[in-house]
Asker: 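Structure incoming, see below.
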Amino acid sequence: MAQQQRLQQTHQDLKAAGSIMRLSSKVLLCLLLLVKLWYTGTAADEDIQPPPKGSCANWMGGIPGHPGHNGVPGRDGKDGRDGPKGEKGEPGDPGLKGDNGNDGAEGVHGLPGISGMKGEKGDAAFIYRSAFSVGLTGRTPYSNVPIKFTKIFYNEQNHYDETTGKFRCIFPGMYYFGYHLTVYLADVKVSLYKKAKAVLFTYDQFQINNVDQASGSVLLHLEAGEEVWLQVYGEKENNGVYADNINDSTFMGFLLYPDMDPH
């Protein structure tokens with residue numbers, strides 16, 4: 001009986017020793033694996049690999065941990081380089097026409113501006129004045145010579161010479177000439193001359209016991225120095241030009257406009 005108990009005790013001791021040996025083997029194996037992994041991580045730059053699955057891993061594995069908190073968002077990266085310019089797109093459809101705007105309010109009137117500087121004195125118009133108006137003081141005594149009108153109505157510029165009966169051009173340009181003659185006692189044939197050439201003729205036939213008139217007018221372009229006058233042509237019986245206290249025979253002319261200086 002006692003021997004049987006000793007045998008059972010011995011059997012239990014052996015069984016415990018075997019368990020201790022098995023446990024020691026596992027511990028030793030795990031230590032060897034850890035040493036190997038440590039040397040491997042030291043020699044290489046790669047990340048440490050987790051230990052291989054095995055009995056040691058199963059023996060040392062703990063309870064899974066709780067999931068960690070979300071990390072802080074990283075900073076925004078730098079902007080990339082601009083890409084190539086894209087192709088021009090198709091034109092869009094025209095928009096609808098907008099409504100007409102309202103007229104704005106009238107602004108405030110501004111103050112009068114400062115008067116400008118006085119301009120230079122221009123050429124006075126009187127430097128181009130040329131006019132005369134003259135009349136007879138009696139009957140014309142001679143034919144085929146200039147009629148001398150000695151009654152002066154206007155001759156401020158003295159361009160008409162009463163001693164010769166001729167008008168002399170000072171300013172080149174366009175002139176107007178006219179005459180109104182009283183006819184009495186004989187017929188009248190009279191011409192207006194320019195540079196010794198008749199340019200206008202007037203004939204009036206005298207009616208007995210009556211006083212008649214003969215007149216004419218013309219536009220002439222004159223150069224400086226040219227002369228214009230009236231003259232009876234024909235025989236003495238055609239010289240019926242007359243004037244007295246109640247009847248006048250007149251001759252007149254004036255510059256319409258001068259020639260413009262090309263310079």
Side-chain angles (χ1 to χ4, degrees), residues 123-208 210-263:
D123 294 334
F126 71 85
I127 65 173
Y128 299 113
R129 290 179 180 175
S130 180
F132 72 96
S133 178
V134 293
L136 281 179
T137 56
R139 290 195 64 181
T140 303
Y142 305 106
S143 300
N144 300 317
V145 293
I147 302 174
K148 296 180 181 180
F149 295 86
T150 57
K151 183 187 288 187
I152 306 299
F153 299 112
Y154 179 85
N155 191 28
E156 184 175 337
Q157 294 82 35
N158 292 318
H159 295 169
Y160 171 79
D161 187 353
E162 59 183 290
T163 62
T164 62
K166 296 180 179 181
F167 168 81
R168 183 176 181 84
C169 175
I170 303 300
F171 305 117
M174 186 65 68
Y175 287 80
Y176 171 86
F177 294 97
Y179 52 87
H180 185 84
L181 306 176
T182 298
V183 179
Y184 184 60
L185 298 178
D187 296 345
V188 166
K189 291 182 179 180
V190 67
S191 294
L192 186 140
Y193 281 77
K194 170 189 173 184
K195 294 178 57 177
K197 181 179 180 180
V199 295
L200 184 65
F201 296 90
T202 300
Y203 172 72
D204 186 83
Q205 189 174 17
F206 172 69
Q207 302 294 325
I208 299 176
N210 194 12
V211 177
D212 206 355
Q213 283 82 31
S215 61
S217 60
V218 67
L219 289 176
L220 294 177
H221 182 272
L222 301 181
E223 298 293 341
E226 292 182 335
E227 294 178 324
V228 176
W229 68 90
L230 280 179
Q231 181 173 305
V232 174
Y233 67 93
E235 301 301 327
K236 185 177 180 179
E237 60 269 17
N238 294 323
N239 187 3
V241 179
Y242 178 82
D244 58 21
N245 293 334
I246 59 174
N247 294 282
D248 279 311
S249 292
T250 60
F251 178 40
M252 53 88 70
F254 56 85
L255 174 65
L256 286 176
Y257 52 87
D259 292 341
M260 301 303 295
D261 186 355
H263 303 291

Asker: Supply the atom-to-atom distance E156 CD to S133 OG, rounded to the nearest 0.5 angstrom.
Answerer: 13.5 Å
Asker: Of the options V211, L181, T182, which is the one that meets Y242 in a side chain to side chain contact (heavy atoms under 4.5 Å, CB included)?
Answerer: T182
Asker: Working to the nearest 0.5 angstrom, can you tell me the gap between Y184 OH and N210 CG?
Answerer: 10.0 Å
Asker: Are the side chains of S130 and I170 in touch, meaning some heavy atoms are under 4.5 Å apart?
Answerer: no
Asker: Using modelled atom types and a 3.5 Å cut-off, is there a donor and acceptor pairing between side-chain atoms of Q157 and backbone atoms of A131?
Answerer: yes
Asker: If only side-chain N and O atoms count, and only distance matters, is there a donor-acceptor pair under 3.5 Å linking Y203 with Q205?
Answerer: no
Asker: Give a yes-or-no answer on whether the side chains of W229 and E227 include a donor-acceptor pair shorter than 3.5 Å.
Answerer: no
Asker: Above 12 or not: heavy atoms from other molecules or residues under 6.0 Å from NZ of K194?
Answerer: yes
Asker: Going through the checks in order, is the side-chain contact (heavy atoms from CB on, under 4.5 Å) test met by E162 and I152?
Answerer: CA-CA 8 Å; E162 59 183 290; I152 306 299; 4.1 Å; yes
Asker: Could you please spell out the steps behind the side-chain contact (heavy atoms from CB on, under 4.5 Å) verdict for Y175 and V228?
Answerer: CA-CA 10 Å; Y175 287 80; V228 176; over 6 Å; no
Asker: If you measure from CE on M174 to CG on D259, what distance do you get to the nearest 0.5 Å?
Answerer: 8.0 Å
Asker: Hey, is the main chain of F149 close enough, under 3.5 Å, to the side chain of Y160 for a donor-acceptor pair?
Answerer: yes
Asker: Surrounding CZ of F132 (heavy atoms of other residues, nucleotides or ligands, distance under 6.0 Å), is the total greater than 12?
Answerer: yes
Asker: Can you tell me how far CZ of F201 sits from OH of Y233, rounded to the nearest 0.5 angstrom?
Answerer: 6.0 Å
Asker: For the atom pair CD (Q231) and CG (L192), what is the distance rounded to the nearest 0.5 Å?
Answerer: 10.5 Å
